[in-house]
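Counting starts at 1 for both ligands and their atoms, following the listed order.
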Amino acid sequence: MHLGSLILVASTAVLAVAAPSAVKKRGPKNFEWFGVNESGAEFGNTAIPGQLNKDYTFPPTSTIDTLVGQGLNMFRVPILMERIIPTSMTGTTNMTYQTPMVSYINYITSKGAYAIVDPHNFGRYYGNVITDYTGFQAFWKTLATIFKDNANVVFDCNNEPHDMGSASVPNLMQACINGVRAAGATSQYIFVEGTSYSGAWTWVSAGNTNLANLTDPQNKIIYEMHQYLDSDGSGTSTNCVSATIGSERLAAATAWLKANNKKGIIGEFAGGANTQCNSAVTDMLTYMTKNTDVWMGALWWGGGPWWGTYIYNMEPPSGVSYTSTLPLMLAIA
Ligand SMILES: *[C@@H]1O[C@H](CO)[C@@H](O)[C@H](O)[C@H]1NC(C)=O
Ligand SMILES: *[C@@H]1O[C@H](CO)[C@@H](O)[C@H](O)[C@H]1NC(C)=O
Ligand SMILES: CC(=O)N[C@H]1CO[C@H](CO)[C@@H](O)[C@@H]1O
C-alpha cells in the first residue's frame, strides 16, 4: 500500500463518523481506472430471455466490496440487449431484467466506483448485424435514461463488433452517442469499440482509425480496446507469446491515440496464471502507466460467480487470477 492510501484510509476513518458522504474512493495509484469485468447477466445467451439465477445472474455485491477494498474502482457489467429491450430496439425495457440490473449497477456506484453498462452483443441484435442506426439510437436513449442522473455510470456502446466491415462501425457508435446524449445523460463517459473484436493490436490495421471522427457534445468519448496475450489474441490459452508481447501489441494503438489526441482504455485483457504471463501482464501494465496521457486504465477479464475453473477467473476468494495475478497488478496499477 502506498503512502497516499494510508493517509486516505486514516482520514476516511475519521470522516466516516461525521460525514459518510465525504468518504473518498481509494482507487488505483497510477491509472484513473482499474478494474474487472463482472460476468453473469450475459450468460446463457442461447436462452432468451432466460431465467434469473438459472440461465443468467447478477454477480454478488460482496465481490464489489472485496475488490473496492483492494483499490479497484471500475467494473464492467455485460448485459444482453435482447434481455433488457426484448421486442425491438425501439421497444421498452423489461422489468424482470431491469430491476436486478439497476440495483447491481447502483450498488457499484454507491461504493464510489464506476459501473460500465456493456451490451455484450458483438454489434448484433438477435444474431443480426445492426444496420438500423435509428433503432440503435432509440435503444440507447431508452437504456441511458435509466441512469441519466448517475455520473458514475459509463455507457459502453457495444461489445466487440466483428465481421461487419469497419466502414459501418462509426455509424453504430455515433448512433449510441447521440442516443445517450438525447436521453439527457450528459455527465457520463461513453466507451466506443471498433471492429475486429476491438483488438488493440489490430486497431489501426483493421481500419478503426475511421472512429477518430466520432463527435460528442460533452467530449467524453473513450476508445475501448481489448488485448489478450496469447498467440491469436483470442484469450483462450494460458500461454503468453512472450514477456513483452503486451507492450508490443499496444504500440500502434498508443501512437494512434496520441496522434489523434484521444483517450483509451483496455476494456478486456488477461493472461494465464504462470510466470511468462505474469511477466507479460507486468510489461503491458507498466507500459500503459508510462503512457497515462492516453491510457486511462485497464479491466481484467473476467470476474463473476459462474466461471468455475476458467483460466482467467478473477473472482474472490479462490479464482486462479485473483490469487496469482491480481497482487502483482495492484503493485503497478
Ligand atoms: C419480461 O421478461 C420475462 C422473462 O424474463 C417475461 O416472463 C415477461 O413476460 C416479460 N415482461 C413483459 C412485460 O414483456
Ligand atoms: C474525418 O472527417 C474529415 C472531414 O469530414 C475527413 O477529411 C477525414 O478523412 C475523416 N477522417 C477519418 C479518419 O475518417
Ligand atoms: C476471451 C473470453 O474469455 N471471452 C469470453 C467472454 O465471455 C463470454 C461469455 O460471457 C464467452 O463466451 C467468451 O468466450
Stepwise ring pair (Phe, Tyr, Trp, His ring centres under 6.0 Å) check, Trp295 with Phe31: CA-CA 8 Å; Trp295 290 114; Phe31 289 130; 9.1 Å; no
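- Ranking the protein heavy atoms by distance from atom 4 (C) of ligand 1 puts Pro49 CG, 3.5 Å first.
- When hydrogens are left out, the protein atom nearest atom 14 (O) of ligand 1 is Asn94 ND2, 3.6 Å; that is the closest non-hydrogen contact.
- Counting heavy atoms from C-beta on, the side chains of Met284 and Ser247 never come closer than 4.5 Å.
- Within a 4.0 Å radius of atom 7 (O) of ligand 1, the protein contributes no heavy atom.
- The hydrophobic clustering, which links ILVMFWY residues whose side-chain heavy atoms are closer than 4.5 Å, places Ile130 and Met164 together.
- Note on Arg76 versus Glu193: salt bridge recorded, some NZ/NE/NH1/NH2 to OD/OE distance being below 4.0 Å.
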